[in-house]
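Numbering of residues begins at 1 and proceeds along the displayed sequence.
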Amino acid sequence: MVVAFHCFAFVLLSLSKPAFSERCHPNDKNALLKIKKDLNYPHHFISWDAKTDCCTDWKAVGCDDKTHRVTQFYAAYADLNLPIPAAIGDLPFLEYLKFHKSRLTGEIPESITKLSHLQFLDLRWNYLTGPVPSFLGKLKKLTYIGLSFNNLTGSIPASLSEIPNLGRLRLDRNKITGGIPETFADFRQQDFSLYLSHNQLTGNIPAKLGYANFTWIDVSRNRLEGDVSFLFGKNKSLGVADFSRNMLEFDLSEVEFPVSLTDLDLNHNRITGSLPEGLAELGSTLNSLNVSYNRLCGKIPAGGRLPDFDYTAYFHNRCLCGAPLQKCK
């Protein structure tokens, strides 16, 4: 009789417990299910079952181990063909947001500004339209913005420079017009990378940008003019610099290069003067160089790796000579 009572009590206790102990916060789960609905229930989110735990059972989602709030959302190759749902802003503890090659359309929703903890934003390789939103400047914890390979138009908002910890900005391969904001001189990260290539940018690069410390800058294939020599210097940390296929016009002769420089591409511009000896002094550090299709003259310095580069790195200039080109007369 005692054994039977204990068995009966155990059964009652078991029935009183929930089917599973869920970590996922109900507000986060509701937001994710709303996102799934707004995206027309795509196969990419087939694991998102309301009866299961979003923190342990759902793909494309990550939760904090202590708070159990959703902090990561990542989708790649999702073939969505719809705009980013406004409900993405209802994940208030999100730190990492990635929609990569997911065929997103439409504009970036302003509801994203509710993500006050967001550090990483990757929306590359989609079909997003409209301007680069100025309201991204409200996301003060961002360290990375990736908007490359979309159809964004309009000018670059100056407000992006108000993001204090931003270390990498990728706006390349869009249809952005206008100039580079002077406020970009306010970027103060020691390891700042700027990608603006393959757009329709015009005008001069503001001289104030010389106060910033870029480690990687790519503004190739635009319509930029004027001087960029102020972006170089012995005290800089620049490693990769691509200014190719613009309309830049300055004298290269006296430009000083940082010892950190590994890749320099200046091809298809209107640069004059001669190649400075400082390029040779970089030695084996310099991995690639292209100064072709400019208006350079004089002897190619014989030191370092300069004679080892292919002749195509130097051809189509006014009167450059010396190895690997023809001998100087």
Side-chain angles (χ1 to χ4, degrees), residues 35 38-39 73 75 78 80-91 94 96-116 118-187 189 192-206 208-209 212 214 217-225 246:
I35 291 169
D38 291 347
L39 291 173
F73 183 108
L80 300 174
N81 294 293
L82 285 168
I84 300 171
I88 199 73
D90 295 330
L91 297 169
L94 206 61
Y96 182 103
L97 174 59
K98 181 175 183 177
F99 279 105
H100 183 68
K101 287 190 175 182
S102 294
R103 304 181 71 86
L104 290 170
T105 61
E107 299 188 8
I108 299 171
E110 190 165 1
S111 63
I112 203 172
T113 57
K114 295 192 288 183
L115 305 178
S116 59
L118 194 64
Q119 299 174 29
F120 188 96
L121 175 63
D122 186 357
L123 303 176
R124 294 174 298 144
W125 291 88
N126 286 290
Y127 297 98
L128 297 173
T129 55
V132 177
S134 60
F135 54 68
L136 291 180
K138 298 179 181 179
L139 297 171
K140 302 301 184 184
K141 292 190 177 180
L142 277 175
T143 61
Y144 175 91
I145 296 176
L147 304 179
S148 312
F149 292 91
N150 280 288
N151 296 313
L152 300 174
T153 55
S155 59
I156 301 172
S159 60
L160 296 181
S161 62
E162 298 171 6
I163 306 174
N165 297 312
L166 190 64
R168 184 174 297 183
L169 176 61
R170 299 207 60 157
L171 302 179
D172 47 305
R173 294 180 183 268
N174 280 286
K175 300 174 182 177
I176 301 170
T177 55
I180 299 174
E182 190 176 65
T183 57
F184 275 21
D186 297 333
F187 288 125
Q189 290 300 306
F192 191 87
S193 301
L194 180 65
Y195 301 79
L196 300 176
S197 71
H198 295 78
N199 279 292
Q200 300 165 24
L201 298 173
T202 55
N204 290 9
I205 296 179
K208 281 186 66 176
L209 265 64
F214 299 103
I217 182 167
D218 184 355
V219 295
S220 61
R221 294 180 182 268
N222 281 287
R223 302 170 189 170
L224 297 168
E225 304 174 48
N246 280 286

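With sequence neighbours excluded, the residues satisfying side-chain hydrogen bond (donor to acceptor under 3.5 Å, both in side chains) with Y144 are R124. Qualifying side-chain contact (heavy atoms from CB on, under 4.5 Å) partners for S159, counting only residues two or more places apart in sequence or in other chains: S134, P157, E162. Partners of F192 according to the ring pair (Phe, Tyr, Trp, His ring centres under 6.0 Å) rule, which considers only residues two or more places apart in sequence or in another chain, are F187, F214. Taking K98 as the reference, nothing meets the side-chain hydrogen bond (donor to acceptor under 3.5 Å, both in side chains) condition, with sequence neighbours excluded. Judged as a ring pair (Phe, Tyr, Trp, His ring centres under 6.0 Å), and not counting sequence neighbours, F135 has no contacts. A search for side-chain contact (heavy atoms from CB on, under 4.5 Å) contacts involving Y127 returns R103, T105, N151, not counting sequence neighbours. Scored by the side-chain hydrogen bond (donor to acceptor under 3.5 Å, both in side chains) test, S193 finds no partners at all (sequence neighbours excluded). Scored by the side-chain contact (heavy atoms from CB on, under 4.5 Å) test, A86 finds S111 as partners (sequence neighbours excluded). The salt bridge (charged side-chain N to carboxylate O under 4.0 Å, His left out) test applied to D90 returns K114, not counting sequence neighbours. Considering only residues two or more places apart in sequence or on other chains, D38 meets the side-chain contact (heavy atoms from CB on, under 4.5 Å) condition with K34, P85, A87. By the side-chain hydrogen bond (donor to acceptor under 3.5 Å, both in side chains) test, D172 is found to be paired with S148, R170, residues two or more places apart in sequence or in another chain being considered.
In this structure, the separation between CG on L91 and CZ on F73 is 7.5 Å, given to the nearest 0.5 Å. Between the OG atom of S220 and the CG atom of N246 there is a distance of 7.5 Å, given to the nearest 0.5 Å. For the atom pair L82 CG and S102 OG, the distance stands at 11.5 Å (nearest 0.5 Å). Distance OG1/T129 to NZ/K175: 9.5 Å, rounded to 0.5 Å. Here the CD1-CG distance, from I88 to L94, works out to 6.0 Å after rounding to the nearest 0.5 Å. Considering OH of Y195 and CZ of R173, their distance stands at 12.5 Å, rounded to 0.5 Å.
Side-chain contact between T177 and T202: absent, with no pair of heavy atoms (C-beta onward) separated by less than 4.5 Å. A heavy-atom distance below 4.5 Å is not found between the side chains of T143 and R168. No side-chain heavy atom of L139 sits less than 4.5 Å from a side-chain heavy atom of I163. Contact of the K140 side chain with the S116 side chain is not registered, since no non-hydrogen atoms from C-beta on lie closer than 4.5 Å. Between L136 and L166 there is no side-chain heavy-atom pair separated by less than 4.5 Å.
The side-chain contact (heavy atoms from CB on, under 4.5 Å) with K138 is formed by just one residue from the set L115, T113, I112; it is T113. Exactly one of I176, V132, T183 qualifies for a side-chain contact (heavy atoms from CB on, under 4.5 Å) with I156. That residue is I176.
Contact record, Q189 with P164: NE2-O, 3.1 Å, taken as the closest heavy-atom pair. L147 and N150 make their closest contact through O-ND2, 3.0 Å (heavy atoms, listed as atom of the first residue, atom of the second, distance).
By the neighbour-count criterion of 12 heavy atoms within 6.0 Å, atom NZ of K101 is densely surrounded, having more than that number from other residues, nucleotides or ligands.
Between the N199 side chain and the N174 main chain, a donor and an acceptor come within less than 3.5 Å of each other. Judged purely by atom type and a 3.5 angstrom limit, D186 has no side-chain atom pairing as donor or acceptor with the backbone of F184.
Between W125 and H100, the ring-plane angle classifies as perpendicular under the 30° and 60° cut-offs.
Legend: salt bridge (charged side-chain N to carboxylate O under 4.0 Å, His left out) pairs involving residues 142-155, not counting sequence neighbours: none detected.
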Show your working on side chain to side chain contact (heavy atoms under 4.5 Å, CB included) between I180 and L224 and close with a plain yes or no.
CA-CA 9 Å; I180 299 174; L224 297 168; 4.2 Å; yes
Please report the C-alpha distance between I84 and N126 in whole Å, then the side-chain angles of each, then the deciding distance to 0.1 Å, and finally whether the side chain to side chain contact (heavy atoms under 4.5 Å, CB included) criterion is met.
CA-CA 11 Å; I84 300 171; N126 286 290; over 6 Å; no
Check the pair L128 / L123 against side chain to side chain contact (heavy atoms under 4.5 Å, CB included), numbers first and verdict last.
CA-CA 9 Å; L128 297 173; L123 303 176; 3.9 Å; yes
